[in-house]
S.K.: 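Mind having a look at this structure? Questions to follow.
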Amino acid sequence: MSAPSADRSAAVTRPLRILLTLPYLPWPITSGGKARQFHLIRELAARGHRLTLLVQSKTDADAAVHAALAPLVERLIVLPRRPLRHPRTLWHAAVSPLPLLTTVNGHAPALAERFAALLDEGGWDIVQIEHSYGFEPFAATLAQRHQPFVLTEHNVESELGAATYGKWPAPLRPLARYDQARARRWERLVLSRAAAIVAVTESDARKLSAVGGRPAHVVPNGVDTAAFATVRPDVHSRHALFLGNYEYAPNIDAVEWALNRVWPLVWERMPEANFTVCGHGLPSGWRGRFPDPRVHFHGYVPDLTRVQAASAAFLAPLRFGGGSKLKVLEAMAAGLPLVSTREGLSGLGAVDGVHARVADTPEALAEALVHTLSDPTGARAMAETARAHVQAHFDWSQAAARLETVYAGVGRAGCPEAEGQACPA
């Protein structure tokens with residue numbers, strides 16, 4: 001089944017009243033998912049749409065959160081998520097037929113009750129659920145009310161096990177495989193009920209279409225191109241950068257694989273090269289495991305442009321994850337020469353040798369990185385081509401326009417009019 005992009009002939013002609021549910025606060029921006037949510041919320045608000053955010057969060061909504069989000073939404077409703085080690089979470093994780101990530105975010109009576117009360121207000125043009133793993137608290141109410149909804153998936157969650165479960169001890173591997181099977185069943189159920197499915201890349205859309213039995217629209221990630229337009233990387237510094245949220249297993253795998261397999265080969269040829277690793281949730285054990293003074297761990301960086309400007313290249317040694325990588329888009333928008341695996345460039349339309357140097361083995365990645373650091377003039381020219389590519393195709397305003405087109409295809413009764421499909425019960 002094909003995975004069409006949103007039909008650009010459709011358009012939203014009036015402000016919409018949108019109820020958006022999130023399993024995390026979109027501020028502060030500490031991950032790609034949060035960046036996507038914040039910027040799309042900002043764009044939709046700028047277009048006059050009226051948003052209510054219903055959020056289940058493991059962190060409190062402090063003054064900074066309200067200062068960032070209050071100007072953009074009519075209502076911000078934040079309910080606490082119980083701790084991961086709460087007895088109820090552990091019990092459901094052991095006995096529930098639902099996948100682990102869904103049980104962690106589900107079985108939340110207060111959230112379900114608040115959602116039902118919001119639906120009872122009526123007048124919603126769009127109800128949007130973010131992530132199938134966050135769907136459980138809303139499932140019963142949506143079915144009882146016959147309420148159509150838009151589902152957005154940032155990844156194909158059931159495929160992330162290669163990075164997440166691959167590190168489990170051998171005795172627990174059967175449990176990991178069982179959880180992946182639960183995830184596939186859950187995805188099939190949730191996707192089949194959605195009035196419209198939104199994916200981040202064409203590849204993910206094809207997979208989600210096959211699972212859900214209906215076409216999925218593509219609303220790609222974007223980047224605040226203006227915020228990075230003035231960055232001028234130091235292409236002579238011989239410092240490579242990686243940025244990630246380390247609560248996300250594919251980013252942990254990327255750094256560990258690079259330090260174990262790629263960087264020793266780089267240092268054989270270029271011993272003066274350095275690797276800077278930044279991002280939220282930096283594992284505390286890394287400094288002890290990787291004590292080489294040429295590796296610099298900085299954790300969360302509030303001003304990304306400063307570390308980009310001090311770097312000569314961005315290394316994206318990603319092997320898993322799906323979706324498109326906002327950290328890679330931001331590097332391209334900043335004119336930072338890029339060395340990446342094919343997975344790191346998924347959904348971005350980047351061409352090897354034109355926008356980035358692309359390789360998938362440790363040997364080839366090391367060769368590509370050494371070549372990039374050794375040729376600052378060529379690296380800068382390639383990076384400026386990548387910057388122009390991002391500015392032309394990946395601004396958040398374009399992503400918001402595509403999302404509006406998806407909304408336009410979901411009538412007030414909720415049927416996906418353009419596709420002529422019946423509304424799910």
Side-chain angles (χ1 to χ4, degrees), residues 1-8 31-33 35-37 40 101 130-133 150-166 180 183-184 186-188 190-192 194 196-223 244-245 248-251 253-254 316-332 338-352 354-361 365 386 389-390 392-396 398-399 401-403 405-406 419:
M1 181 179 297
S2 63
S5 301
D7 178 5
R8 293 177 182 241
S31 69
R36 177 182 174 90
Q37 291 309 323
L40 284 176
L101 191 56
E130 210 72 11
H131 305 288
S132 60
Y133 68 73
V150 175
L151 178 76
T152 299
E153 288 281 55
H154 296 199
N155 304 289
V156 183
E157 293 292 337
S158 62
E159 293 191 348
L160 294 183
T164 304
Y165 299 131
Q180 283 186 279
R184 287 190 290 271
W186 181 247
E187 279 179 343
R188 190 176 304 114
V190 180
L191 293 168
S192 67
I197 303 166
V198 173
V200 174
T201 69
E202 293 283 353
S203 175
D204 282 0
R206 286 191 292 271
K207 296 172 184 176
L208 294 172
S209 296
V211 173
R214 65 193 64 208
H217 301 281
V218 178
V219 177
N221 280 330
V223 64
N245 171 17
Y248 185 55
N251 289 331
D253 175 83
L318 293 147
R319 299 193 292 172
F320 313 101
S324 63
K325 285 54 175 188
L326 278 157
K327 51 186 163 282
V328 177
L329 272 174
E330 289 170 344
M332 295 169 74
L338 178 60
V339 177
S340 177
T341 59
R342 284 176 292 177
E343 176 62 38
L345 294 171
S346 63
L348 304 185
V351 177
D352 183 22
V354 177
H355 307 105
R357 294 199 176 276
V358 185
D360 286 308
T361 67
L365 271 176
H389 174 72
V390 170
H393 300 289
F394 289 96
D395 191 84
W396 282 117
Q398 299 175 46
R402 285 194 173 210
L403 186 56
T405 304
V406 175
E419 293 150 15

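These values consider heavy atoms only, across backbone and side chains, with no hydrogens, waters or symmetry-generated copies.
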S.K.: Rounded to the nearest 0.5 Å, how far apart are CG of N155 and NZ of K207?
M.R.: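 Those atoms lie 10.0 Å apart.
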S.K.: In Å, rounded to the nearest 0.5 Å, how long is the span from NZ of K327 to OG of S340?
M.R.: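 Answer for the NZ-OG pair, K327 versus S340, is 10.0 Å.
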S.K.: When rounded to the nearest 0.5 angstrom, what is the spacing between CG in D204 and OG in S346?
M.R.: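 Those atoms lie 7.0 Å apart.
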S.K.: Would you mind reporting whether T341 and V358 have side-chain heavy atoms less than 4.5 Å apart?
M.R.: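 No, side chains not in contact.
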S.K.: Passes side-chain hydrogen bond (donor to acceptor under 3.5 Å, both in side chains), N221 versus K325? Steps please.
M.R.: CA-CA 8 Å; N221 280 330; K325 285 54 175 188; over 6 Å; no
S.K.: Mind listing the closest non-hydrogen atom pair of T152 and E130 along with its distance?
M.R.: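 Closest pair (atom of T152, atom of E130, distance): CG2-OE2, 3.2 Å.
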S.K.: Under a 4.5 Å cut-off applied to non-hydrogen side-chain atoms, are E343 and D360 in contact?
M.R.: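 Side chain of E343 against side chain of D360, heavy atoms only: no contact under 4.5 Å found.
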S.K.: Of the non-hydrogen atoms in G344 and V328, which two are nearest, and what is the gap between them?
M.R.: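 In terms of heavy atoms, the two residues are closest at O-CG2, 3.5 Å.
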S.K.: Considering only heavy atoms from C-beta outward, does the side chain of V219 approach that of R36 to under 4.5 Å?
M.R.: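 Sidechains of R36 and V219: in contact.
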S.K.: Search all heavy atoms of R402 against all heavy atoms of P220 and return the closest pair with its distance.
M.R.: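 Heavy atoms only, the tightest pair is CD-CD, 3.6 Å.
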S.K.: What's the spacing between N251 CG and L318 CG if we round to 0.5 Å?
M.R.: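 One finds 6.0 Å between CG of N251 and CG of L318.
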S.K.: What I'd like to find out is whether the side chain of E157 reaches to under 4.5 Å of the side chain of L101, using heavy atoms alone.
M.R.: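 A side-chain contact under 4.5 Å exists here.
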S.K.: Indicate yes or no: at least one non-hydrogen side-chain atom of E187 is less than 4.5 angstrom from one of V156.
M.R.: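 Counting from C-beta outward, E187 and V156 do come under 4.5 Å.
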S.K.: Can you measure from CG (L348) to CG (L329) and round to the nearest 0.5 angstrom?
M.R.: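 Here the interatomic distance stands at 4.5 Å.
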S.K.: Specify the closest pair of heavy atoms between A350 and L345, including all atoms of both residues, with the distance to one decimal.
M.R.: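 Smallest heavy-atom distance, with atoms named: CB-CD2, 4.0 Å.
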S.K.: With the side chain counted from C-beta on, respond yes when Y133 and V190 share a heavy-atom pair under 4.5 Å apart, and no when they do not.
M.R.: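 Sidechains of V190 and Y133: no contact.
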S.K.: Verify, without hydrogens or angle tests, whether R357 (side chain) and D352 (backbone) share a donor-acceptor contact under 3.5 angstrom.
M.R.: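 Not at all, since once roles are kept as given, no pair shorter than 3.5 Å links the two residues.
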S.K.: Do R214 and I197 come close enough that some side-chain heavy atom pair is under 4.5 Å?
M.R.: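 Yes, their side chains come closer than 4.5 Å.
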S.K.: Compare all side-chain heavy atoms of V223 with those of D395 and state whether any distance is below 4.5 angstrom.
M.R.: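 Contact flag for V223/D395 side chains = no.
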S.K.: With side chain to side chain contact (heavy atoms under 4.5 Å, CB included) as the criterion, how do V198 and L151 come out once you've worked through the C-alpha distance, each side chain's angles and the decisive distance to 0.1 Å?
M.R.: CA-CA 6 Å; V198 173; L151 178 76; over 6 Å; no
S.K.: Does the side chain of S132 come under 3.5 Å of the side chain of E153 through a donor N or O and an acceptor N or O?
M.R.: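 Yes, side-chain donor-acceptor contact under 3.5 Å.
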S.K.: Give me the atom names and distance for the closest heavy-atom approach of A216 to L208.
M.R.: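 Heavy atoms of A216 and L208 come nearest at CB-CB, 4.5 Å.
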S.K.: Where is the tightest heavy-atom contact between A35 and L326, given as atom of each residue plus distance?
M.R.: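 Scanning both residues, the minimum pair turns out to be CB-CD1, 3.9 Å.
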S.K.: Tell me whether the rings of H393 and H389 are parallel (<30°), tilted (30 to 60°) or perpendicular (>60°).
M.R.: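 Ring orientation, 0 to 90° scale: tilted.
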S.K.: Would you compute the distance between atom OH of Y248 and atom NE2 of H154 and round it to the nearest 0.5 angstrom?
M.R.: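 Taking OH in Y248 and NE2 in H154, the distance rounds to 11.0 Å.
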